[in-house]
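No experiment lies behind these values; they were computed from the predicted model shown. Order of appearance sets the numbers: ligands from 1, and atoms from 1 within every ligand.
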Amino acid sequence: MASAKYIFVTGGVTSSLGKGIIASSLAKLLQARGFSVTIQKFDPYLNIDPGTLNPYEHGECYVTDDGAETDLDLGHYERFLNTPTSQANNVTTGRIYNSVITKERQGAYLGKTVQVIPHITDEIKRSIRALGDTGEYDIVITEIGGCVGDIESLPFIEAVRQFKWDVGPNNAIVIHLTLIPYLKSAGELKTKPTQHSVKDLLETGVQPDILVCRSEHPIPQDIRKKIALFCNVHINSVIEAQDADTIYDVPLMMKKEKLDERVLVKLKLSHDKEPDMEGWKEFLGRLKNPSEEVTIGLVGKYVELRDAYKSIAEAFIHAGAQNECKVNIRWIHSETLLPENVENLFEDLDGVLVAPGFGERGIEGKIAAIRYVRENQVPFFGICLGMQCAVVEFARNVLKLDGAASTEWNQNTSHPVINMMEDQKKVTIKGGTMRLGAYPCDLKKGSRAAQVYGKSKISERHRHRYEFNNQYLEAYEKAGMTATGINPDTGLVEIVEIKDHPWFVGVQFHPELKSTVMNPQPLFVHFVKAAVEYASAKRLVVR
Ligand code: GLN
């Protein structure tokens, strides 16, 4: 078996240039040429994982099948490649130090002084190889978070330098992503920041093989020549990455710039077959030529930062394309919602999604939203905390259980319809201790869920500590809210539905995490479909 080839993606000049999208796009093109590819992300911060970070700090926490709490870029990797990632795909400085220090305590380095070089860099190199050594991949792409020149990313860049040397030429390359700003007053694209950023890389002993240059304008030949000259790269390896309408355009833009071809030449891999991007192009065709349009209200408490709901927003794009429908998201802060203003705010919505979340802030707004959509037959989709709020709303307003709540925000409630899971009660450590990752779920025959998924057994990903309190199940089912998805091993309620409603579904899991371009998530697809039907029925009434 030939060993894997490695591609490192670094970034310079500024953050937020879209390393994750460039890495995903390149991976997509290589996959479309028949290579087996995976992408991993190294994050230079000291948290062991982003699970304990506030979404305002770092955006959404993306959960993998194996229950790892990871960086949101892994979501892009899965959405583009349609293959699952795992803990090995996301490593932080904290995780690296943690394992070195644990080994030190176990005596693995007895007698030695433990140092950044070689111990930390060796551990980084081990993590780079972890995926390649499985034998599953032809190519491993490693995205290094942060910017070159940052103190924090130095050990990673040093490990890349060593790694390139260890595996020898044509087995590992470095792609550096930079910015070519346009100076309006001079009317010119400027290469100096890129030159400096490459100098930073060179200072650490790393010569980039390919430069991907973000720019708001096309980069003419003479500027490419200048960049090539100053940065020691071939002019064909200066790749333009202009701003795109949608991130899903980027693979085809990179194909046009021949990024995949340059990579394969440098890695001495065959590039005689063109990438098969037919399915992808079909998706783009549907995405860009919608025949319908709906507006969905997304009710959450982190709406100021869109990245906090990244996977939900992307799942709507996939589901919209599938329905040939443009899905506009109206971001609604749950704290602004009151029973008195819901009607006004929701008047022109075609569906409402109540988002996942933690803690008490904004809960009453979410409950007011759910009451309105339940009573007014507006399509509703509740995810995790959104499902729990739907359960509480039903208890208060249909079952007439005054003061019903989740014990997450009211420990002394007389009706704990949502309660902490038994095994969570013993948990004292915060990081990585929720119910995380993929669990099976059985769907009730004849339910909406079973019809939507088209099967009776599913597996979805989780991230929660609280659950539906089964002591109340009978009362709910009698009153019209049924549990249609159940974990076969624990009896935990995974899905609730209301039958006498055009679309009222709450799920304890996170379906958005498994939506990909090639495999839009069925609940999202059918929720959008319900919104389209609701919108056209509304038009008829207005006429
Ligand atoms: N806070 C709730 C729980 O822990 C919901 C979590 C979520 O929405 N991801 O159960």
Side-chain angles (χ1 to χ4, degrees), residues 49-56 58-65 67-70 72 75 298-303 305 307-313 315 334-335 352-367 369-370 380-393 395 404-411 413 416-439 441 460-470 472 483 485 487 490 492-496 505-515 521 523:
D49 60 44
T52 52
L53 288 174
N54 186 318
Y56 287 129
H58 203 65
E60 159 187 286
C61 172
Y62 186 80
V63 180
T64 54
D65 275 337
E69 296 182 290
T70 73
L72 57 75
L298 194 155
V299 179
K301 71 169 174 179
Y302 308 110
V303 290
L305 185 77
D307 272 0
Y309 303 110
K310 192 80 201 157
S311 292
I312 293 179
S334 47
E335 280 181 306
V352 170
L353 183 145
V354 177
F358 294 85
E360 196 186 351
R361 192 162 66 90
I363 289 293
E364 293 306 323
K366 290 181 177 177
I367 290 177
I370 295 167
F380 165 76
F381 193 8
I383 298 184
C384 209
L385 182 65
M387 171 265 199
Q388 298 176 352
C389 288
V391 167
V392 171
E393 189 282 324
S406 160
T407 51
E408 181 178 13
W409 64 84
N410 180 0
Q411 289 201 344
T413 170
V417 289
I418 301 290
N419 211 351
M420 188 178 261
M421 284 179 278
E422 222 26 66
D423 52 359
Q424 285 289 326
K425 292 185 180 157
K426 308 184 270 294
V427 172
T428 49
I429 288 180
K430 286 271 182 267
T433 54
M434 283 189 242
R435 178 172 183 250
L436 289 167
Y439 284 93
C441 168
E460 293 281 3
R461 300 180 192 169
H462 300 72
R463 184 171 190 249
H464 64 120
R465 295 191 199 279
Y466 295 81
E467 64 177 331
F468 184 94
N469 184 345
N470 273 324
Y472 291 88
N487 178 300
T490 60
L492 187 147
V493 172
E494 295 278 12
I495 306 177
V496 294
V505 179
V507 293
Q508 184 56 77
F509 48 80
H510 289 268
E512 72 277 18
L513 301 177
K514 281 182 49 171
S515 188
Q521 211 286 337
L523 289 167

Check your understanding: With atoms numbered from 1 as shown, which atoms in ligand 1 lie under 4.0 angstrom from a non-hydrogen atom of Glu408?
Key -> 1 (N), 2 (C)

Point to revise | Leu353 side, atom CG; Glu512 side, atom CD - distance, nearest 0.5 Å | key: 8.0 Å

Practice item. Take atom NZ of Lys425 as the centre, draw a 6.0 Å sphere, and report whether it contains more than 12 heavy atoms from other residues, nucleotides or ligands. Key: yes

**Study point:** Structural part of Glu467 in contact with ligand 1, heavy atom criterion under 4.0 angstrom
**Key:** neither

Check your understanding: What is the nearest protein non-hydrogen atom to atom 10 (O) of ligand 1, stated with its residue, atom name and distance?
Key -> Tyr466 N, 2.9 Å

Check your understanding: Salt bridge check: are Glu408 and Arg465 linked by an N-O gap of less than 4.0 Å?
Key -> no

Review point. What protein heavy atom sits nearest atom 4 (O) of ligand 1, and how far off is it?
Key: Arg465 N, 2.9 Å

Revision key, fill the gap. Value for CD (Glu494) from CD (Gln508), rounded to nearest 0.5 Å, stands at 6.5 Å

Point to revise | Any N/O pair Gly359/ligand 1 closer than 3.5 Å | key: no

**Study point:** Ligand-residue contact atoms, ligand 1 with Arg463, heavy atoms, under 4.0 Å
**Key:** 6 (C), 7 (C), 9 (N)

Check your understanding: For ligand 1, which atoms sit closer than 4.0 Å to a heavy atom of Cys384?
Key -> 5 (C), 6 (C), 7 (C), 8 (O), 9 (N)

**Study point:** Enumerated ligand 1 atoms positioned under 4.0 Å from heavy atoms of His510
**Key:** 9 (N)

Practice item. Evaluate the ring planes of Tyr56 and Tyr302, with Trp represented by its six-membered ring, and classify them as parallel (under 30°), tilted (30 to 60°) or perpendicular (over 60°). Key: perpendicular

Check your understanding: Would you find a donor on one side and an acceptor on the other, under 3.5 Å apart, between the side chain of His462 and the backbone of Leu436?
Key -> no

Review point. Checking Lys301 side chain against Ala355 main chain: does a donor-acceptor pair fall under 3.5 Å?
Key: no

Practice item. Starting from atom 5 (C) of ligand 1, locate the nearest protein heavy atom and write down its residue, its atom name and how far away it is, to 0.1 Å. Key: Gly357 O, 3.3 Å

Check your understanding: Looking only at distance, does Leu385 have an N or O less than 3.5 Å from an N or O of ligand 1?
Key -> yes

